[in-house]
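Counting starts at 1 for both ligands and their atoms, following the listed order. The figures that follow rest on heavy atoms only: side chains count, while hydrogens, waters and symmetry mates do not.
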Amino acid sequence: MKQPVLFLFIFVQFISCNSWQEKSSDNDVAWEQLHPGVWKNIIGTPSSLSLLRASGRIPRTATLDTMEASGFPLDADEIITYESGHKTYIRLPLDREEQIYGLGLQFKSIHRRGQILRLHVDHYGREDNGRTHAPVPFFVSSKGYGVLIDAARYIDMYIGTGVRKDSKNPPPLQDRNTDPGWSARPYSDNIEIMVPEEGVRIYVFEGPDMLKAIQRFNLFCGGGIIPPKWGLGFWQRTPTLFNQQDVSDEIRSFNERGFPLDVIGLEPGWHSRAYPCTFEWDPDRFPNPAGFTDTLLNEGIHLNLWMNPYLSPEGSLYNKMEPWSGTHTVWNGIVPDYTLEEPRNIMQRHLQKHQIDIGISGFKIDELDGYDVWLWPDAAQFPSGYDGEQLRQVYGLLTMDLIRDLYREKNQRTYGLVRAANAGATSMPFVIYNDYYSHPDFITALINSSFSGILWTPEVRSSGSAEEWLRRFQTVCFSPLAMINAWADGTKPWSFPEVEKEVRYFALLRMQLLPYLYSTFADYYFKGIPPFRAMVLETGFADTTDYEHTDSGSNPYKEAVLKEIKDQYMVGNDLLIAPLFEFQKERSVVLPQGNWFDFYTGEYAGNGELIFVQPGLDKIPVFVKDGGIIPMIEPRTRMPGPGEIADLNIRYYGNAPGSFWLYDDDGSSYDYESGIYSFTRLTVDQSKGMPEPSIEKAKEGPYHYQNESWIFMTPQNTR
Ligand code: GAL
């Protein structure tokens with residue numbers, strides 16, 4: 001080797017050794033406390049495009065700053081980071097009993113420990129491998145802290161799988177020849193993360209418990225949303241190519257049969273061309289969109305429009321947007337780069353003029369998640385200079401953000417659907433859906449959504465039997481968005497006449513629950529509490545750290561709480577939902593500690609135990625916490641419109657003192673953000689041995705209830 005070459009070789013070796021040198025985070029970059037219990041660290045030089053930036057979120061600073069905190073929840077010396085080969089490595093410690101939850105919309109599992117995920121926005125492919133509609137890189141630990149890796153990249157997560165030579169808790173050496181307990185997956189004491197970028201922003205959220213860590217994360221992402229009241233009613237998506245007349249007929253048949261209906265979703269067919277889309281009304285199917293929308297609004301029906309974001313050469317947007325689009329097309333449509341202001345404005349002005357100003361209430365943003373074979377490749381380039389991978393991770397966020405901002409400008413709330421999201425979506429008024437149609441896995445996704453600041457609907461499309469139809473319908477009524485998506489099958493709520501009565505009962509129950517659901521969403525907005533959530537976030541539900549793994553013995557409750565609970569969930573503070581699936585005649589339900597009561601009868605159901613229920617097809621098991629107060633309205637077929645007043649029936653369950661914060665506002669504008677809303681405190685005092693209810697205005701503001709009456713659901717002689 002010649003001298004200069006040798007020198008260069010040694011120099012390169014020196015540089016690369018150095019770049020591989022590990023740094024524990026405290027002597028590298030200090031953790032900066034942004035709000036009490038919210039900590040940030042920047043490693044290296046991350047791209048200017050991150051998930052949080054793309055989401056346009058505005059942290060709920062005032063609330064975050066009032067939350068108590070006690071200090072950085074991890075040992076900073078144990079967090080190791082380094083950059084190497086254009087990648088950033090992060091290592092976090094794991095305790096033996098620690099469980100990890102979150103990392104987005106996975107469908108089959110809740111426990112993340114032992115999994116390897118590549119977080120990649122995509123259509124879900126029947127495997128929890130990280131490719132999904134919302135692969136949110138935020139996790140919470142059963143030790144009561146959360147971590148967000150804010151990078152718009154495909155992030156590799158090894159959650160308790162890699163074993164390092166320098167591990168402080170190495171697995172025991174085992175000889176497979178002789179040891180029947182030998183394991184191919186030895187114990188690992190860390191989470192290892194690879195971000196394919198030369199730097200990354202990391203956030204740590206303090207608890208003290210998982211729910212508090214999630215609340216901080218949600219508030220940091222802008223806080224949860226409060227849907228307009230109509231959004232919590234019943235949605236029907238009509239078949240592809242439906243026209244104005246078909247829609248009117250559809251509404252008439254809902255009215256004739258007494259089925260609730262608040263939103264009609266138009267699927268492909270309203271655009272003059274679809275896949276790619278023109279964003280122009282088809283003149284034959286919808287000759288008078290403005291008049292038609294107006295007529296529907298007068299009937300209390302809101303229109304939601306399907307779209308995918310790829311622009312057709314046959315539409316007027318194409319030429320204006322072409323210079324602002326990426327190098328690749330999707331179905332021959334161009335892909336605007338919405339990280340830039342100009343194309344964002346062009347799209348906003350178009351949607352405003354042709355759709356929003358004529359009264360369209362929201363959108364369903366389809367097809368921006370995958371699959372690889374039809375979306376742009378990672379090698380695609382965009383005018384902003386960001387690449388295909390980055391745009392893939394944020395396209396859902398960018399599109400939601402531009403639509404949300406349009407409605408905000410009008411001071412009008414929207415509520416819609418989307419098929420791709422990511423971290424920062426908490427304050428987006430959109431619910432995720434997909435084509436994968438496993439009913440049990442839809443419920444697992446609903447549970448997982450609570451760890452990631454997103455909303456999910458287990459939409460109903462079609463069914464092979466009346467039983468499946470009703471079982472699916474029961475669960476969608478206890479979800480963020482109650483909807484039949486009939487785009488392909490033309491199904492109606494009454495498609496299975498043998499269960500029509502039961503389907504109507506649950507659709508009407510959904511409507512009755514408005515005050516409860518609306519107040520639950522207010523908790524999402526004001527406190528960051530997920531409205532639909534996992535059992536492990538419930539007080540009284542022992543998390544896995546409460547029991548020794550060896551201490552299962554004969555207590556079925558202990559055994560149950562140590563396992564993944566992926567088929568039951570909480571709605572708000574008081575309702576526990578335990579769905580049944582087709583062919584299931586009975587199921588077990590884990591009732592957390594504290595007394596629980598049957599929602600329908602008020603009877604005592606159990607306390608800190610595993611119960612078995614055989615509810616019959618006409619019931620989805622629902623349990624109410626002791627002292628639970630469930631405010632409801634009368635059954636109705638439209639959600640209350642602006643200024644409309646409804647009678648309030650307040651159900652009270654059990655015998656414990658009860659308290660419920662009933663929230664209300666105008667139901668449709670953003671005025672609540674300026675303090676125009678009311679809180680009414682509903683309480684039941686039990687100190688004199690009998691329930692004494694009271695209703696007290698805690699904050700004056702819009703209030704649309706009257707004739708408040710109490711219903712004591714639990715017979716007083718039961719416990
Ligand atoms: C799918 C979507 C369906 C429906 C359909 C219309 O991608 O998931 O819900 O909208 O497109 O073509």
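Residue contact check: Trp487 has heavy atoms under 4.0 Å from atoms 3 (C), 4 (C), 5 (C), 6 (C), 9 (O), 12 (O) of ligand 1. Atoms of ligand 1 found under 4.0 Å from any heavy atom of Tyr433 (numbered from 1 in listed order, with element): 8 (O), 9 (O). Close contacts between ligand 1 and Glu367 involve ligand atoms 1 (C), 7 (O), 11 (O) [criterion: under 4.0 Å to a heavy atom].
Remark: Arg126 does not engage Asp441 in a salt bridge, criterion side-chain N to carboxylate O under 4.0 Å. Under the 4.0 Å criterion applied to side-chain N and carboxylate O atoms, Lys364 and Glu267 are assigned as salt-bridge partners. Salt bridge absent: Asp150 and Arg53 never bring a charged side-chain N and a carboxylate O closer than 4.0 Å. With salt bridges taken as basic N to acidic carboxylate O contacts below 4.0 Å, none links Asp262 and Arg510.
For Asn485, a nitrogen or oxygen atom sits less than 3.5 Å from a nitrogen or oxygen atom of ligand 1, counting backbone and side chain alike. Of the polar atoms of Lys364, at least one N or O is found under 3.5 Å from an N or O of ligand 1, judged by distance alone.
Atom 1 (C) of ligand 1 has as its closest protein heavy atom Asp366 OD2, 3.1 Å. Summary of contacts: the protein heavy atom closest to atom 12 (O) of ligand 1 is Tyr275 OH, 2.7 Å.
Distances from atom 8 (O) of ligand 1 to the heavy atoms of Asp369, Asp435, Asn434, Leu417 show the closest one on Asp435.
By the criterion of a heavy-atom distance under 4.0 Å, neither the backbone nor the side chain of Thr240 is placed next to ligand 1. Only the side chain of Glu267 comes within contact range of ligand 1, with a heavy atom under 4.0 Å; no backbone atom does.
Between Thr637 and Phe254 the shortest side-chain heavy-atom distance does not fall below 4.5 Å. Looking only at side-chain heavy atoms (C-beta outward), Gln236 and Glu250 come within less than 4.5 Å of each other.
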For side-chain contact (heavy atoms from CB on, under 4.5 Å), just list the numbers for Glu582 and Arg472, CA-CA rounded to whole Å, side-chain angles, deciding distance to a tenth of an Å, and then say yes or no.
CA-CA 9 Å; Glu582 192 187 10; Arg472 285 183 179 275; over 6 Å; no
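Distances shorter than 4.0 angstrom occur between a heavy atom of Arg419 and an atom of ligand 1.
The two residues Ala420 and Met400 have their closest heavy-atom pair at O-CE, 3.8 Å.
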